Amino acid sequence: MAVETLKFPGGPGPDPDMDMGQLLVAQQRRERLILAIKIAIVWVLLIIFLTLALLQFNFDPRYVFEHFNFVFLGLGTTIGVSLASVAFATILALLGAVARLSGNSIALGISGFYISIIRGTPLLIQIYIIYNGLPQIGTALINKGIPQGDLFILTAIQSGILALSLNYGAYMTEIFRAGIQSISGGQREAAESIGMNRTQILRRVILPQAVRVIIPDIANQFIAMQKDSALVSFMGIWEMTYRANRFARQDSKFMEMFVIAATLYWLLTIVSSWLEGRLERRMRHGYER
Amino acid sequence: MSANEIIRVQDLHKWFGMLHVLKGVSFSVAPKEVMVIVGRSGSGKSTLLRCLNFLEEPSSGTITIAGQSLNIVAGTRYDHNKAIAMRLNTGMVFQEFNLFPHMTALDNVIEGLVTVKKMPKEKAIPMGIKYLQKVGLEEKKDVHPIRLSGGQKQRVAIARALAMEPKVMLFDEPTSALDPELIGEVLDVMKQLAFEGTTMVIVTHEMGFACDVADRIIFVDKGYIVEDGPPDQIFGHPKDERTKLFLEPIRKVQQI
């Protein structure tokens with residue numbers, strides 16, 4: 001059986017006014033470039049101004065140069081802790097979101113309790129409880145003759161990743177939930193109409209589409225995480241904040257050391273934002289005609 | 001249920017909150033019959049169709065399709081697994097197509113075969129291509145829905161429903177979201193299906209098409225079936241005053 005889509009005849013050859021379009025596009029591009037250059041000049045001036053201002057007030061640039069490398073060595077730890085935490089948080093958030101949308105009383109109860117307790121307490125307290133509080137339980141268990149108690153005694157890095165994952169997992173649950181709910185009801189209905197069950201619908205239809213929506217948000221959470229990871233310096237993890245703090249206290253060079261750390265965090269987020277923008281553009285590209 | 005019925009609906013009620021949308025509807029459809037449901041917007045005709053495959057949960061009543069029957073009593077939980085099993089007897093085509101945007105046309109068509117019927121992919125692909133051929137879109141098999149026109153999308157959606165080899169095809173205003181010049185290609189596919197003896201229940205506003213293709217038309221108004229008969233009767237000599245009022249402006253337009 002032949003069904004043909006209607007075809008319209010082509011236009012009468014190329015548009016003779018093509019030059020005009022190109023002229024307009026070139027002008028727009030030029031104006032955008034000039035604006036960007038002007039903004040860049042303002043940024044450079046602000047940085048010069050801030051640097052000059054600092055140098056007026058007992059700021060030791062030689063100290064900065066000498067200790068820059070020491071702080072810089074913590075960059076890898078900062079990135080590593082953030083990456084590991086955002087990965088675990090993503091898994092937690094996926095489970096949390098599925099639970100929140102499940103309609104199952106146990107799953108709803110657990111996920112609601114988890115989100116409420118994590119969002120209702122400060123991250124710093126959570127870190128203290130996991131790093132300092134849990135070993136107390138572990139020791140008590142070992143004393144009672146349960147050797148598995150040492151599971152509760154975590155290293156600094158493990159505690160840091162656990163705390164950040166649990167914390168971000170709770171906030172990201174809501175992102176995942178919104179992403180899943182942003183997929184139109186029609187998609188679910190179409191999947192139901194060909195006989196799929198709930199799990200199949202989630203796995204084959206809803207999640208592949210929701211992930212597209214969510215990935216930029218996950219990247220944003222990762223950028224936020226890079227800065228919140230500074231909090232794990234309390235456990236003595238040798239990331240950038242801890243390293244900066246060490247010399248700052250020892251030599252009373254607070255401004256110098258924390259300016260180094262701040263600059264490194266700032267550069268890290270600039271690079272991350274740029275990467276995130278590229279990722280977002282690439283994902284959008286795949287969905288366009 | 002007699003041998004000459006593939007769908008039987010008895011005393012179907014549907015409530016949305018305190019809104020009584022279907023008020024005890026009963027009808028049956030014979031095998032190979034094409035039944036068109038017409039009515040004003042808000043009359044309950046789409047809800048009626050969607051109750052047939054449990055996309056809307058009926059509030060009470062009995063639905064029997066191809067020998068499988070589900071009796072729903074108001075205020076009690078009903079057997080969801082049975083409802084899901086009964087869905088396989090019906091194929092649904094939606095107003096908004098609802099193709100899966102992350103899959104190619106062919107993957108859309110074979111999704112149910114592979115995921116639900118657990119058919120190996122090598123076997124599902126030739127079947128998928130067969131059904132894409134049936135709607136005239138074999139050459140678009142590797143294209144994602146975003147690159148298809150509205151009419152092409154709807155034809156892929158029809159192929160997706162047909163691939164599950166349902167006993168009955170349900171169409172919920174399949175041309176209402178299409179540009180006028182694209183409606184014809186979808187109606188052509190549906191006419192071909194009717195010609196091949198597919199049992200179909202169609203909600204549509206295309207009265208000309210209904211007149212051509214339908215064996216039977218039911219007119220729904222305010223949750224009741226007001227009139228039930230062949231197209232000649234409904235369009236030529238409607239018995240009920242409400243049917244006359246509904247069709248009057250449409251007949252005037254067609255006379256022009």
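Numbers restart at 1 for each chain; the letters A, B, ... are given by sequence-line order, proteins then strands. Computed from a prediction, not measured in an experiment: that's the story for all the values here.
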inquiry  = Please determine whether the number of non-hydrogen atoms from other residues, nucleotides or ligands lying under 6.0 Å from atom OH of A:Y265 exceeds 12.
reply    = yes
ask   = Should we count NZ of B:K82 as having more than 12 external heavy atoms under 6.0 Å?
value = yes
message = Other residues, nucleotides and ligands only: do more than 12 of their heavy atoms fall within 6.0 Å of CD1 on A:I106?
response = no
query = Closest approach of B:H102 and A:V205, non-hydrogen atoms and distance?
reply = CE1-O, 3.6 Å
task = Return yes when atom CH2 of B:W15 has more than 12 non-hydrogen atoms of other residues, nucleotides or ligands closer than 6.0 Å, and no otherwise.
result = yes
Sub-4.5 Å side-chain heavy-atom contact between A:S193 and B:F94 = yes
message = Looking at B:E96 and A:G186, would you say the former's side chain and the latter's main chain have a donor-acceptor pair under 3.5 Å?
response = no
inquiry  = Nearest 0.5 Å, please: how far is OG1 in B:T115 from CZ in A:R204?
reply    = 4.0 Å
inquiry  = Can you tell me how far apart CE (A:M196) and CD1 (B:I84) are? Round to the nearest 0.5 Å.
reply    = 12.5 Å
Minimal non-hydrogen separation, B:L55 against A:E192, with atom names = CD2-OE1, 3.2 Å
task = Measure B:L113 against the heavy atoms of chain A and call it side chain, backbone, both or neither at under 4.5 Å.
result = neither
task = Supply the atom-to-atom distance B:H80 NE2 to A:N197 CG, rounded to the nearest 0.5 angstrom.
result = 14.0 Å
ask   = Are more than 12 heavy atoms from other residues, nucleotides or ligands located less than 6.0 Å from atom CD1 of A:I117?
value = no
note = The reported gap from CD1 in A:I194 to CG in B:N53 (rounded to nearest 0.5 angstrom) is 12.0 Å
message = At a heavy-atom distance under 4.5 Å, which candidate from B:Q95, B:M92, B:M103, B:E111 has the highest pair count against chain A?
response = B:E111
inquiry  = Is it true that, when you exclude B:F16 itself, more than 12 heavy atoms of the residues, nucleotides or ligands shown sit nearer than 6.0 Å to its CZ?
reply    = yes
